[in-house]
Amino acid sequence: LLKMDFLGLTTLTDIKKATDYIKQTSGAEIDFVKLGYDDPKVYELIGSGNTEAVFQLESGGMKGFMRELQPSCLEDVIAGMYRPGPMDAIPDFIKNKKAPDKIKYQHPLMKPILGVTYGIIVYQEQVMDVVRTLAGYSMGGADNIRRMMSKKKHEAMEAERKVFVGGGVDKKTGNKINGAVANGVPENVANEIYDMLIKFASYGFNKSHAAAYAHVTYQTAYLKCYYPVEYFTAVLNNRINKLDELTHYLSYIKEAKITVLPPSVNKSGAEYSVEDGCIRIGMGAIKGVGVPVINKIVEERERNGEYKDFVEVVSRMEDGTGKSLINRRMVESLIFAGAFDCFGKKRAVLIAAFPSVMDRVAKERSAKMSGQMSLFDIAPEIKTEYIYPEVDEYSPNEKYKREKEVAGVYLSGHPLSAYIDKLKQFKYNTSMLNPRLPAVRFKNNDRRHAHRNGKQTDQKGQPHGHGGARRSLRHRRSFGV
């Protein structure tokens with residue numbers, strides 16, 4: 001029987017979109033099979049704790065753990081991605097990683113098995129390797145031991161101790177098991193090793209599962225390290241309808257000094273896009289406009305060139321029968337989002353002017369449809385310029401308020417921008433009050449997390465020992481400001 005888990009991960013779409021954008025902007029094709037998984041700069045990024053948008057490493061606990069661990073290879077990420085054994089084993093794991101020559105193995109036969117995880121049992125496969133190598137169990141017998149220990153069947157485990165130490169018979173196959181003592185392991189050492197297996201086995205996890213996740217972790221870290229603009233553009237587009245995550249990532253992107261350009265009828269499409277090393281906000285983020293209308297704006301722009309002014313946008317948005325493709329609410333939302341800022345007109349001016357502009361354009365269309373001709377139809381070289389009213393611009397905070405109303409997020413700034421340096425002095429933010437999200441680390445390297453009902457949980461918000469914790473699609477965090 002072959003068991004296969006197929007996990008739907010949002011992050012895989014992030015990677016696919018990012019590699020597509022990279023090819024569009026630079027022509028480079030990202031192939032991790034050829035690139036490998038040994039780039040020092042990628043591990044330096046992971047070890048820095050600057051792992052926002054890096055798969056499985058976004059929580060405060062994992063950031064802190066990676067800073068302490070300072071991983072230098074993929075094996076470190078595989079082992080470190082999950083809790084390596086009981087809580088009290090974490091300091092030993094970190095210490096042994098930094099001083100591998102000081103690791104003490106209970107027996108020389110243990111070194112080839114535990115060397116890759118610095119003397120700590122992390123994987124279920126290691127439990128199986130220990131009983132096979134030291135006591136002579138078959139593959140099937142070793143798997144039975146693993147299941148027995150992971151389900152904490154204490155009576156069965158104690159009965160099996162005698163077989164592990166002194167030998168016996170495999171109950172399923174009838175094959176002889178020599179036992180650890182017969183293979184040169186002192187009896188007291190064999191018992192110590194068996195105690196360690198019991199202690200660690202219930203915390204162990206399948207290495208193939210962890211390895212697959214670690215590859216995804218590395219890939220996201222690589223893309224963030226070398227192609228941050230393309231990668232974060234992909235991350236934003238993949239969460240375009242998740243306002244809490246959009247807010248969080250846009251805040252981080254700005255802090256990371258990546259320039260975020262406002263939506264523009266002359267530059268934006270429906271989605272976020274890469275533009276000259278910056279991220280251009282897509283018009284699809286604007287409420288009440290709709291992707292079909294945005295596509296029409298883009299199609300008209302690509303067919304007949306960029307729009308020269310606000311009036312031209314309104315006049316060119318018609319379906320060929322004299323009917324406008326955009327209504328007043330759509331225009332108002334586009335104004336408040338800053339999509340017409342490229343024409344150099346104040347938003348307050350456009351809000352005051354757009355009803356009359358739309359009325360004027362509608363009358364001109366109606367006249368044309370009825371066959372009436374004006375002086376400007378006879379002599380198109382004569383142009384009339386719309387006279388905009390004189391209106392004071394909105395205050396910055398009023399702009400931000402309107403942006404959030406129509407886009408769900410602040411676009412051109414933030415009401416608290418003036419206080420950003422003061423806010424950075426605080427160690428906590430309101431995301432830590434969200435019961436769905438991973439909490440910060442506790443004292444003494446205790447990476448347990450508080451669940452909404454007060455129960456102790458693991459780093460993914462699941463009760464300890466719950467297999468579903470390892471199937472979390474990804475960690476989610478958002479800032480409350």
Side-chain angles (χ1 to χ4, degrees), residues 10-11 13-28 30 39 41-42 44-55 57-58 63 217 219-240 242-264 266-286 337-339 341-342 396 399-400 403-404 407-421 423-424 429 431 474-479 481:
T10 300
T11 310
T13 307
D14 294 341
I15 295 170
K16 178 62 170 64
K17 284 179 177 285
T19 53
D20 288 344
Y21 298 154
I22 291 166
K23 188 173 182 180
Q24 292 169 11
T25 56
S26 66
I30 305 300
D39 191 313
K41 288 186 177 180
V42 176
E44 183 179 336
L45 171 70
I46 294 173
S48 72
N50 179 20
T51 51
E52 219 64 56
V54 176
F55 181 63
L57 301 183
E58 292 191 76
K63 288 178 180 179
T217 298
Q219 290 176 16
T220 55
Y222 179 93
L223 293 171
K224 179 179 178 178
C225 181
Y226 289 102
Y227 300 95
V229 173
E230 289 84 353
Y231 180 57
F232 276 107
T233 300
V235 169
L236 292 171
N237 280 329
N238 215 14
R239 293 153 185 80
I240 203 160
K242 298 177 181 178
L243 294 181
D244 60 339
E245 294 189 61
L246 274 181
T247 301
H248 167 55
Y249 286 121
L250 282 170
S251 298
Y252 172 80
I253 288 166
K254 291 173 183 177
E255 287 181 9
K257 307 301 181 185
I258 297 174
T259 303
V260 179
L261 304 173
S264 167
N266 273 334
K267 298 295 182 182
S268 296
E271 294 189 327
Y272 290 79
S273 57
V274 179
E275 183 182 319
D276 299 327
C278 307
I279 297 176
R280 172 73 71 176
I281 297 174
M283 290 186 285
I286 304 171
D341 287 0
C342 54
K399 272 188 179 181
Y400 303 150
E403 287 173 357
K404 184 144 192 190
V409 294
Y410 299 113
L411 299 175
S412 61
H414 196 287
L416 297 179
S417 295
Y419 309 100
I420 191 67
D421 291 333
L423 291 171
K424 286 181 178 178
N429 59 62
S431 71
R474 66 181 304 281
H475 291 313
R476 291 170 56 182
R477 299 187 69 203
S478 63
F479 289 112
V481 296

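Values reported hereafter were calculated over all heavy atoms of this structure, with side chains retained and with hydrogens, waters and symmetry mates removed.
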Undergrad: Please check: side-chain N/O of Tyr222 versus main-chain N/O of Asp39, any donor-acceptor pairing under 3.5 Å?
TA: no
Undergrad: At what distance, to the nearest 0.5 angstrom, does CD1 of Ile279 lie from CG of Leu250?
TA: 8.0 Å
Undergrad: Looking at Leu57 and Ile46, what are the two nearest heavy atoms and their distance?
TA: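 Heavy-atom minimum between the residues: CD1-CG2, 3.8 Å.
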Undergrad: With side-chain contact (heavy atoms from CB on, under 4.5 Å) as the criterion, how do Thr25 and Val229 come out once you've worked through the C-alpha distance, each side chain's angles and the decisive distance to 0.1 Å?
TA: CA-CA 10 Å; Thr25 56; Val229 173; over 6 Å; no
Undergrad: Indicate yes or no: at least one non-hydrogen side-chain atom of Arg280 is less than 4.5 angstrom from one of Pro262.
TA: yes
Undergrad: Quick check for you: to the nearest 0.5 Å, what is the distance between Met283 atom CE and Ser264 atom OG?
TA: 7.5 Å
Undergrad: So Glu230 and Gln24, side-chain contact (heavy atoms from CB on, under 4.5 Å) or not? Walk me through it.
TA: CA-CA 10 Å; Glu230 289 84 353; Gln24 292 169 11; over 6 Å; no
Undergrad: Which heavy atom in Pro263 sits nearest to a heavy atom in Ser268, and how many Å separate them?
TA: CA-OG, 3.4 Å
Undergrad: Mind checking ring pair (Phe, Tyr, Trp, His ring centres under 6.0 Å) for Tyr272 and listing every partner two or more places apart, or none if nothing turns up?
TA: none
Undergrad: Just wondering, do Lys41 and Tyr226 contact through their side chains at under 4.5 Å, heavy atoms?
TA: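 Yes. Closest side-chain heavy atoms under 4.5 Å.
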Undergrad: I'd like to check Thr19 versus Tyr227 (side-chain heavy atoms, cut-off strictly below 4.5 Å). Are they in contact?
TA: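 Of all side-chain heavy-atom pairs linking Tyr227 with Thr19, none is under 4.5 Å.
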Undergrad: Between Val42 and Ala221, which heavy-atom pair has the shortest distance, and what is it?
TA: CG1-CB, 3.6 Å
Undergrad: For Thr11 and Thr220, what are the C-alpha separation, side-chain angles and deciding distance, and is it a side-chain contact (heavy atoms from CB on, under 4.5 Å)?
TA: CA-CA 8 Å; Thr11 310; Thr220 55; 3.3 Å; yes
Undergrad: Carefully, step by step, assess Leu261 and Lys267 under the rule side-chain contact (heavy atoms from CB on, under 4.5 Å).
TA: CA-CA 10 Å; Leu261 304 173; Lys267 298 295 182 182; over 6 Å; no
Undergrad: At what distance, to the nearest 0.5 angstrom, does CD of Gln219 lie from NZ of Lys16?
TA: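 One gets 13.0 Å once the value is rounded to the nearest 0.5 Å.
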Undergrad: Taking the side chain from Lys224 and the backbone from Glu52, do they hold a donor-acceptor pair closer than 3.5 Å?
TA: yes
Undergrad: Does some side-chain heavy atom of Leu223 sit less than 4.5 Å from a side-chain heavy atom of Asp14?
TA: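 No, every pair of side-chain atoms sits at 4.5 Å or beyond.
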Undergrad: Can you name the side-chain contact (heavy atoms from CB on, under 4.5 Å) partners of Pro396, sequence neighbours left out?
TA: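 Pro396 satisfies side-chain contact (heavy atoms from CB on, under 4.5 Å) with Tyr400 only.
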Undergrad: Out of curiosity, Ile281 CD1 to Ile240 CD1, how far, rounded to the nearest 0.5 Å?
TA: 10.0 Å
Undergrad: If you compare all heavy atoms of Gly408 against all heavy atoms of Leu243, which two are closest, and at what distance to 0.1 Å?
TA: CA-CD1, 3.9 Å
Undergrad: Which atoms form the tightest heavy-atom contact between Ala407 and Leu411, and what is the distance?
TA: CB-CD1, 3.9 Å
Undergrad: Could you tell me whether the side chain of Glu271 reaches within less than 4.5 Å of the side chain of Lys17, counting heavy atoms only?
TA: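 The answer is yes, as the side chains (C-beta and beyond) meet within the 4.5 Å cut-off.
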Undergrad: Taking side-chain hydrogen bond (donor to acceptor under 3.5 Å, both in side chains) as the definition, give me every residue that meets it alongside Asp341, ordered by chain and number, with sequence neighbours left out.
TA: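 So Asp341 forms a side-chain hydrogen bond (donor to acceptor under 3.5 Å, both in side chains) with Arg347.
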Undergrad: Compare every heavy atom of Ala53 with every heavy atom of Val235, then report the nearest pair and how far apart it is.
TA: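 It is CG2-CB, 4.4 Å.
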Undergrad: From Asp244 CG over to Arg239 CZ, what is the distance, rounded to the nearest 0.5 angstrom?
TA: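 Reported to 0.5 Å precision, the distance equals 10.5 Å.
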Undergrad: Looking at OH of Tyr231 and SG of Cys225, how far apart are the two atoms once the value is rounded to the nearest 0.5 Å?
TA: 12.5 Å
Undergrad: Quick one: does Asn238's side chain have a donor or acceptor within less than 3.5 Å of a partner on Thr10's backbone?
TA: yes
